[in-house]
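Data first, discussion second: the structure below is written as structure tokens.
Since the structure is predicted, the reported quantities are computational estimates derived from the model, not experimental observations. Side chains included, hydrogens not; waters and symmetry mates left out as well; all remaining heavy atoms used.
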Amino acid sequence: MMGAIRGTNTKPELELRRALHRQGLRYRLHAKDLPGRPDIIFPKHRTVLFVHGCFWHRHEGCRYATTPSTRPEFWKAKFDGNTARDEAATEALLRDHWRVGIVWECLAKRGQLEEAAEEIAEFVTASESPFAEWPVTT
């Protein structure tokens, strides 16, 4: 069953890409040469976006970040590995002077992606903050 889980071109990612395109932003996808293979890359603004699934990447406080009751040790190790890999990729990108944004899947599930696209576009084109996360509150 886990073989059916997509790593790229997920529904939330496609929705975000369409919303950012409507904001006038152009981007590259899934750069293999960057740590963590970011989902959306804005080379001109030296900014990357990750579109994280709340379940797999453990969105803290999110109702979609449930833990299966079977084989809890396996799932804890799996989730710990995912979050450690996410943190390492983010730190490496920040060290290389990339700006990093994380967009959580629940934003799309709640139908708030279109509204957040303007704020995300502002983050991409601005140069103040090196890191941001959406939704800001869960």
Side-chain contact, heavy-atom cut-off 4.5 Å: [X] with [Y]?
{"X": "F123", "Y": "T47", "answer": "yes"}
{"X": "L49", "Y": "I120", "answer": "yes"}
{"X": "L107", "Y": "P12", "answer": "no"}
{"X": "F131", "Y": "T90", "answer": "yes"}
{"X": "E13", "Y": "H30", "answer": "yes"}
{"X": "I40", "Y": "V124", "answer": "no"}
{"X": "P130", "Y": "H97", "answer": "no"}

[X] side chain to [Y] main-chain N or O, any donor-acceptor pair under 3.5 Å?
{"X": "E105", "Y": "C54", "result": "yes"}
{"X": "R58", "Y": "F79", "result": "no"}
{"X": "D39", "Y": "F50", "result": "no"}

Q. Is there a path from V51 to V48 through hydrophobic residues (I, L, V, M, F, W, Y) whose side chains come within less than 4.5 Å of each other?
A. no

**Q.** Transitive ILVMFWY side-chain link F42 to I102, under 4.5 Å
**A.** no

**Q.** Residue pair G36 / A89: nearest heavy atoms and the distance that separates them
**A.** CA-CB, 3.7 Å

Q: Taking all heavy atoms of A31 and all of I41, pick out the closest pair and write down the distance.
A: N-CD1, 3.4 Å

Q. Quick one: side-chain contact (heavy atoms from CB on, under 4.5 Å) partners of R63, sequence neighbours excluded?
A. none

Q) So which pairs with a foot in residues 99-120 pass ring pair (Phe, Tyr, Trp, His ring centres under 6.0 Å), sequence neighbours left out? A) H52-W104, H59-W104

Show every donor-acceptor pair shorter than 3.5 Å between a side-chain atom in residues 18-29 and any protein atom, with sequence neighbours excluded, or say none if there are none.
unit_1, atom_1, unit_2, atom_2, d
H21, NE2, R26, NE, 3.4
R22, NE, E114, OE2, 3.4
R22, NH2, E114, OE1, 2.4
R26, NH1, H21, O, 3.1
Y27, OH, R17, O, 3.1

Q | Q112, CD atom: more than 12 neighbouring heavy atoms under 6.0 Å | A | yes

**Q.** Distance in Å, C106 SG paired with W134 CH2, rounded so as to fall on 0.5 Å steps
**A.** 13.5 Å

Q. When rounded to the nearest 0.5 angstrom, what is the spacing between NE2 in H45 and CZ in R99?
A. 9.0 Å

Q.
Run the side-chain hydrogen bond (donor to acceptor under 3.5 Å, both in side chains) test against K76 and tell me which residues pass, sequence neighbours left out.
A. D80

Q.
If the condition is side-chain hydrogen bond (donor to acceptor under 3.5 Å, both in side chains), which residues does R85 pass it with, not counting sequence neighbours?
A. N82

Q | Set of ring pair (Phe, Tyr, Trp, His ring centres under 6.0 Å) partners for Y64, sequence neighbours left out | A | none

